Amino acid sequence: MSKEYRPAEFETRHYARWEQAGYFAPAGRGQPYCIVIPPPNVTGTLHMGHAFGHTIKDALTRYHRMRGFDTLWQPGTDHAGIATQMVVERLLNREGTSRQALGREKFVERVWRWKEQSGNTITAQMRRLGDSVDWSRDCFTMDPRLSGVVIEVFVRLYDDGLIYRGKRLVNWDPVLHTALSDLEVLSSEEKGKLWRLRYPLADGSDALVVATTRPETMLGDTAVAVHPDDPRYRHLIGKSVRLPLAERVIPVIADGEVDPEFGTGCVKITPGHDFNDYDVGLRHALPVLNIFDADAKLNAEVPERYRGLDRFVARERVVEDLRAAGLIAGIDDHVSMIPRGDRSGAILEPLLTDQWYVRMAPLAAEAIAAVEQGRVRFVPENWSKTYFEWMRNIKDWCISRQLWWGHRIPAWYDNHGHVYVGRDEREVRAKHRLGDEHVLHQDEDVLDTWFSSALWPFSTLGWPERTRELDRYYPTNVLVTGFDIIFFWVARMIMMGLKFTGEVPFREVYLHALVLDHEGQKMTKSKGNILDPLDLMDGVDLKTLLAKRTEGMMQPHLTSRVEQATRAEFPDGIRAFGTDALRLTFTSLATTGRDVRFDLGRIDGYHRFCNKIWNASQYVFAQLVEPEHGEDLRYTAADRWIRSRLRRCIEAVHESFKSYRLDLVTQALYEFTWYEFCDWYLELTKPVLGEGPATAAEQRATRATLVEVLGALCKLLHPLAPFVTEELWLELAAKTGAETRTVMLERFPESDDFPADAAAETEIEWLKSFVVGIRQIRSEMNLSPSKPLPVKLAGATAADRARLTSLRMYIEKLARVASIDHVADSRAVRGAASALLGELHVLVPLAGLVDVRAEIERLDKQLTRTRKDLDACRRKLDNADFVDNAPPEIVAKENARAVDLGQRIERLDLQLKRMREIQ
RNA sequence: GGGCGGUUAGCUCAGUGGUAGAGUACCGGCUUUACACGCCGGCUGUCACAGGUUCGAAUCCUGUACCGCCCACCA
């Protein structure tokens with residue numbers, strides 16, 4: 001085993017061994033515990049958000065597995081309809097061909113091929129992260145079986161009247177040529193104009209002025225609306241205007257939704273291209289005119305001169321023509337919400353098309369109730385508000401997409417426009433008694449990716465079959481995911497789970513934060529601030545990192561900016577921190593917050609932590625070279641102390657796991673390992689195990705304690721840092737001859753494994769104060785750490801004397817004390833630096849050691865600080881309200897503190913006086 | 001317009017009624033045989049602001065400011 005911590009030497013090796021040995025599969029006994037993975041896009045790569053989530057899921061999984069649960073972490077990947085299709089289309093474009101040129105069948109084949117090649121990226125990354133998923137159950141949303149589940153659900157929802165096909169306005173992506181659901185629309189404020197257009201009245205008497213942000217849609221206007229009570233326009237209601245350019249006559253109608261304050265108080269109504277206007281159109285039975293084709297170019301419904309123009313070109317021409325006709329009444333700057341597709345970024349167009357919808361209200365009702373009743377619990381609880389808010393205002397879900405990659409809708413049409421839904425064409429024909437003379441063709445559309453995602457918890461476990469897995473692991477225990485997909489995924493899973501299994505899909509939803517860069521910016525390719533988890537684990541040189549970040553950037557000025565920022569942040573690239581350091585960083589950031597800024601300083605700190613425990617283990621191993629002779633053990637105070645402290649640490653670990661506070665789990669283990677085990681306990685074992693007065697039985701007990709505590713630490717830390725703990729655990733076992741195959745299947749420590757020992761804790765606390773007192777003197781007096789010091793003690797109680805005897809060897813070693821003498825009175829020692837331990841006055845005679853002035857300065861500083869504390873303390877106690885109202889134990893504590901501080905001051909004062917005398 | 005977060009040391013973050021914390025950075029000292037990725041000691045804060053509740057507020061309440069996220073059809 002290497003003397004240095006080099007994670008690259010063992011991380012991948014252990015993972016391969018675990019996987020090969022089948023350790024990730026459920027044990028088949030114990031209480032079931034199941035987590036399903038949020039299936040990542042099969043063609044994608046894992047980003048920092050994934051790595052964060054996966055770390056949490058794996059930690060939870062490993063923790064429960066070690067506690068004897070029958071643990072299943074269900075893996076899988078998602079076909080990610082639009083995203084994947086776009087990737088492959090881009091690829092084809094680069095090859096000089098296109099989806100259309102290939103045709104549907106060839107294209108889909110091509111996507112499958114691409115999936116086979118690049119699908120491994122994800123799984124490789126998951127392995128590198130240490131994810132203990134049951135790979136034997138790996139699946140893909142478009143596997144034949146899972147596709148079957150999609151069909152089954154679709155058909156059942158249709159049969160229950162919960163899926164329907166309808167013609168209405170949808171969010172149309174003119175670039176991708178598909179409908180989108182409301183959730184896939186990202187609206188943001190953008191600068192634009194507000195045009196005021198003059199529409200002449202049909203009778204030629206006057207004109208109305210309408211305000212619009214989209215003048216080109218005027219060619220599809222079928223009315224003009226005013227508020228019914230608007231005195232300016234009341235007299236015009238029921239009259240008509242002559243729509244310019246189109247030269248159509250349309251009515252002036254009254255509608256309460258019109259805001260008289262906005263614009264001119266006069267609205268042009270375009271039911272075919274505006275969601276509001278569509279509703280107005282329905283209310284007033286207006287005709288719906290569709291003036292755009294799939295590219296959002298003007299179609300044959302408009303006058304010749306506008307046909308075939310892109311909507312924005314048409315806008316210019318319409319404005320131009322209106323101006324020429326003197327019909328522009330004004331143009332103002334205006335900021336409005338522009339809807340864009342979340343994938344293409346294209347400005348969406350409301351378009352009247354036939355689409356498939358899921359009727360959500362009935363499904364939502366159940367799902368709301370489930371959360372209200374606590375059958376699903378959100379962690380942090382607050383997210384349930386977000387969930388309720390959306391669910392209570394839910395709208396029907398448009399599930400059809402005009403894509404080729406995805407689950408094709410199981411609906412068939414005959415030549416008369418009749419639609420038949422069924423599991424396949426044969427079933428449809430049989431059910432509706434359609435002979436071969438009826439030509440049927442299947443719907444061309446595919447389903448929204450999230451449709452199959454919504455079924456994930458039960459589809460992966462074998463539904464609709466009543467499989468053993470479904471029976472055993474469903475409902476799953478916890479869903480761990482980012483809050484950004486509460487609507488997309490979490491809510492829909494709850495609805496579908498309840499609908500098809502009668503049960504919630506999971507009992508808890510743990511929503512973790514989103515990972516941002518160190519500036520708090522979202523990590524996106526376009527910003528060039530992406531961090532690849534692999535680069536943090538394995539390291540990356542600056543050149544490669546720069547290439548990665550600027551690859552495929554469209555705008556050169558952005559490229560140089562990204563390059564600059566990257567050089568500034570990572571002047572030497574990123575060094576390899578290893579998986580465990582990355583995981584510990586993530587768990588330490590798993591607080592209740594909603595974003596985490598990823599900072600290299602943190603991962604560096606956890607790399608050091610791994611190094612620390614590695615080296616501590618090297619020390620332990622070095623103590624285990626001789627085979628043990630003899631049986632009896634005599635535990636030292638230090639042994640009993642560290643066990644007692646470990647007990648508390650284990651309690652904290654369990655408690656924090658229970659509340660999903662992995663940051664607190666990490667903190668508890670970090671602090672115990674570093675500050676108690678390494679800083680003190682290991683140092684305390686040195687005088688016992690080296691030359692000295694310790695008996696063989698004490699040495700045996702100490703070695704046993706080292707082994708036990710280190711072993712427990714390996715187990716306790718294993719869920720967070722699986723690799724280094726495995727490496728150390730196996731080495732420890734080799735040294736002690738213990739039988740074990742892996743730490744990951746060991747029993748997780750319980751607090752009762754280690755006895756509490758208040759007496760030992762008090763004793764070692766006393767020792768620590770003693771040692772620290774002398775160290776402080778040494779440091780502040782500028783005394784060399786290696787110089788042994790004589791120490792005089794005054795005011796030692798019987799207990800102090802007893803401890804001095806029993807802890808003598810520790811004091812000598814840790815404080816480098818040459819001699820310890822008792823004196824009757826501190827005044828007997830002329831010129832000494834001092835430390836106070838309760839009653840005990842520790843004196844280090846300074847004669848010839850140091851200058852007195854420094855000690856005076858030091859004492860003065862202490863005195864000032866202590867006086868300040870006492871003042872604050874007195875102020876409280878002098879306050880009658882405090883004494884009367886505060887709980888007695890708080891008052892008592894404060895009283896004791898005042899006494900203690902008072903004594904301290906007295907002694908410091910005395911000591912200071914004496915030093916001044918010498919000077 | 002509605003909803004939800006955040007504001008604590010230079011930086012990244014814990015702390016949710018009782019003496020302000022960690023990592024990192026910083027200062028001083030150390031080749032003390034596990035570890036210089038270390039050890040020892042130290043420095044660092046009007047806990048955003050203003051009111052209020054309370055004996056006592058970083059912590060609870062109200063309001064304000066700033067930053068951020070989500071939802072929503074004002075053309």
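Every value quoted in this text rests on a predicted model; they were computed, and no experiment measured them. These values consider heavy atoms only, across backbone and side chains, with no hydrogens, waters or symmetry-generated copies.
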Asks: So that I know where these two stand, are A:W674 and A:Y670 an aromatic pair - ring centroids less than 6.0 Å apart?
Replies: yes
Asks: Indicate, with a heavy-atom threshold strictly under 4.0 Å, whether A:R775 touches base, sugar-phosphate, or nothing.
Replies: sugar-phosphate
Asks: Examine the base of B:A34 for any acceptor or donor lying under 3.5 Å from a partner atom in the side chain of A:E683, and report the outcome as yes or no.
Replies: yes
Asks: Please measure how far the C1' atom in B:U16 lies from the corresponding atom in B:U24, and state the result in whole Å.
Replies: 25 Å
Asks: What residues, two or more places apart in sequence or in another chain, satisfy salt bridge (Lys or Arg N to Asp or Glu O under 4.0 Å) together with A:D255?
Replies: A:R283
Asks: Going by the rule salt bridge (Lys or Arg N to Asp or Glu O under 4.0 Å), which residues pair with A:E671 if we only count those two or more places apart in sequence or in a different chain?
Replies: none
Asks: What is the distance from CD of A:E519 to C1' of B:U12, rounded to the nearest Å?
Replies: 13 Å
Asks: Ignoring backbone atoms, establish whether A:K395 has a side-chain N or O less than 4.0 Å from OP1 or OP2 of B:C73.
Replies: yes
Asks: Considering Watson-Crick and G-U wobble pairs with both distances under 3.5 Å, what does B:C39 pair with?
Replies: B:G29
Asks: May I ask you to test the A:V724-A:P7 pair for a side-chain heavy-atom distance under 4.5 Å?
Replies: no
Asks: At less than 3.5 Å, do the side-chain atoms of A:N885 and the base atoms of B:C55 form a donor-acceptor pair?
Replies: no
Asks: Polar-atom pairs under 3.5 Å, protein N or O versus N or O of nucleotides 43-45 of chain B: list them with distances, or write none.
Replies:
residue : atom : partner : partner atom : Å
B:C43   : OP1  : A:R865  : NH2          : 3.0

Asks: Remember a base hit wins even if backbone is also touched, and classify A:F487 as base, sugar-phosphate or nothing at under 4.0 Å, heavy atoms.
Replies: sugar-phosphate
Asks: When rounded to the nearest Å, what value does the distance between C1' atoms of B:U53 and B:U59 take?
Replies: 13 Å
Asks: If you look at every heavy atom in A:A616 and A:C678, which pair is closest and at what distance?
Replies: CB-SG, 3.7 Å
Asks: Can you tell me, in whole Å, how much space there is between the P of B:G51 and that of B:G56?
Replies: 16 Å
Asks: Looking at every strand, decide which applies to A:T591 at a 4.0 Å heavy-atom threshold: base, sugar-phosphate, or nothing.
Replies: sugar-phosphate
Asks: Find the partner of B:U62: check Watson-Crick (N1-N3 plus N6-O4 or O6-N4) and G-U wobble (N1-O2, O6-N3) distances, both under 3.5 Å, and reply none if neither fits.
Replies: B:A50
Asks: Which base sits across from B:G18 as a Watson-Crick or G-U pair, both distances under 3.5 Å?
Replies: B:C55
Asks: Reckon A:K686 has a side-chain N or O less than 4.0 Å from the OP1 or OP2 of B:U32?
Replies: no
Asks: Could you check whether A:F262 gets within reach of a base, just the sugar-phosphate, or nothing at all, counting any heavy atom under 4.0 Å?
Replies: base
Asks: So which one's nearest nucleotide on RNA chain B is more toward 5', A:G593 or A:I890?
Replies: A:G593
Asks: Just N and O in the side chain of A:K612: are any of them under 4.0 Å from OP1 or OP2 of B:C39?
Replies: yes
Asks: What distance do A:S588 atom OG and A:L669 atom CG have between them, rounded to the nearest 0.5 Å?
Replies: 12.0 Å
Asks: Would you mind classifying the nucleic acid contact of A:K868 as base, sugar-phosphate or nothing, using non-hydrogen atoms under 4.0 angstrom?
Replies: nothing
Asks: Closest nucleotide of RNA chain B for A:Q618 versus for A:T264: which of these residues is on the 5' side?
Replies: A:Q618
Asks: Considering only the C1' atoms, how many Å lie between B:U46 and B:A9, rounded to the nearest integer?
Replies: 14 Å
Asks: Under 4.0 Å between any heavy atoms, over every strand shown, what does A:D869 touch: base, sugar-phosphate, or nothing? Just pick one.
Replies: nothing
Asks: Need one value for A:D595: base, sugar-phosphate or nothing, where a base atom within 4.0 Å counts as base even if backbone is also close, heavy atoms only.
Replies: nothing
Asks: Does any pair with a residue in residues 602-615 of chain A pass salt bridge (charged side-chain N to carboxylate O under 4.0 Å, His left out), and if so which ones, sequence neighbours excluded?
Replies: A:R575-A:D604, A:D604-A:R608
Asks: Any salt bridge (charged side-chain N to carboxylate O under 4.0 Å, His left out) involving residues 272-281 of chain A? Give me the pairs, sequence neighbours left out, ordered by first then second residue.
Replies: none
Asks: Once hydrogens and angles are ignored, does a donor-acceptor distance under 3.5 Å link the base of B:C4 to the side chain of A:K385?
Replies: no
Asks: Does A:Q776 place a side-chain N or O at less than 4.0 Å from the phosphate oxygens OP1/OP2 of B:G42?
Replies: yes
Asks: Give one of base, sugar-phosphate or nothing for A:D679, where a contact means two heavy atoms less than 4.0 Å apart.
Replies: sugar-phosphate
Asks: Does the structure show a Watson-Crick or G-U wobble partner for B:G5, both distances under 3.5 Å? Name it, or say none.
Replies: B:C67
Asks: Sorted by first residue and then second, give each side chain to side chain donor-acceptor pair (under 3.5 Å) pair with at least one member in residues 211-226 of chain A; sequence neighbours left out.
Replies: A:Y199-A:D221, A:R214-A:E216, A:R214-A:E349, A:E216-A:R315, A:T217-A:K268, A:D221-A:K268, A:D221-A:T270
Asks: Would you indicate what A:A616 reaches in the nucleic acid, counting non-hydrogen atoms under 4.0 angstrom: base, sugar-phosphate, or nothing?
Replies: base
Asks: Under 4.0 Å from OP1 or OP2 of B:G5: is there any side-chain N or O of A:N382 that close?
Replies: yes
Asks: Need one value for A:T386: base, sugar-phosphate or nothing, where a base atom within 4.0 Å counts as base even if backbone is also close, heavy atoms only.
Replies: nothing
Asks: How long is the line joining CG of A:N393 and P of B:C70, in whole Å?
Replies: 18 Å
Asks: Parallel, tilted or perpendicular for A:F52 and A:H512, by the 30°/60° rule?
Replies: perpendicular
Asks: What is the separation between atom CD on A:E691 and atom P on B:U33, rounded to the nearest whole Å?
Replies: 16 Å
Asks: How would you label the contact of A:S617 with the nucleic acid (heavy atoms, under 4.0 Å): base, sugar-phosphate, or nothing?
Replies: nothing
Asks: Quick check on contacts: within residues 597-608 of chain A, what sits under 4.0 Å from RNA chain B by heavy-atom distance?
Replies: A:R597, A:D599, A:R602, A:G605, A:H607, A:R608
Asks: Using purine N1 to pyrimidine N3 plus N6-O4 or O6-N4 for Watson-Crick, or N1-O2 and O6-N3 for G-U wobble, both under 3.5 Å, which nucleotide pairs with B:C73?
Replies: none
Asks: Which pairs of donor and acceptor atoms, one on a side chain in residues 871-880 of chain A, lie under 3.5 Å apart (sequence neighbours left out)?
Replies:
residue : atom : partner : partner atom : Å
A:N879  : OD1  : A:D881  : N            : 2.9

Asks: Would you indicate what A:L514 reaches in the nucleic acid, counting non-hydrogen atoms under 4.0 angstrom: base, sugar-phosphate, or nothing?
Replies: nothing
Asks: Sticking with atom P, work out how far B:U32 lies from B:U44, rounded to a whole angstrom.
Replies: 30 Å
Asks: Which heavy atom of A:V288 sits nearest a heavy atom of A:Y278, and at what distance?
Replies: CG2-CE1, 4.4 Å
Asks: I need the minimum non-hydrogen distance between A:V226 and A:C266, along with the two atoms involved.
Replies: CG1-SG, 3.5 Å
Asks: Report, one line per pair, each donor and acceptor closer than 3.5 Å where one atom sits in a side chain of residues 683-692 of chain A; sequence neighbours left out.
Replies:
residue : atom : partner : partner atom : Å
A:E683  : OE1  : A:K686  : NZ           : 3.3
A:E683  : OE2  : A:K686  : NZ           : 3.1
A:T685  : OG1  : A:Y619  : OH           : 2.7
A:T685  : OG1  : A:L682  : O            : 2.7

Asks: Rounded to whole Å, how long is the line connecting atom CH2 of A:W614 with atom C1' of B:G38?
Replies: 17 Å
Asks: It should be established whether A:S779 places a side-chain nitrogen or oxygen under 4.0 Å from OP1 or OP2 of nucleotide B:C40.
Replies: no
Asks: Among residues two or more places apart or on two chains, list those pairs meeting salt bridge (charged side-chain N to carboxylate O under 4.0 Å, His left out) that have a residue in residues 578-599 of chain A.
Replies: A:D58-A:R583
Asks: Remember a base hit wins even if backbone is also touched, and classify A:C873 as base, sugar-phosphate or nothing at under 4.0 Å, heavy atoms.
Replies: nothing
Asks: Excluding sequence neighbours, so at least two apart, what forms salt bridge (Lys or Arg N to Asp or Glu O under 4.0 Å) with A:D332?
Replies: A:R196
Asks: Which residues in residues 661-675 of chain A have at least one heavy atom lying under 4.0 Å from any atom of RNA chain B?
Replies: A:R661, A:L664, A:Q667, A:Y670, A:W674, A:Y675
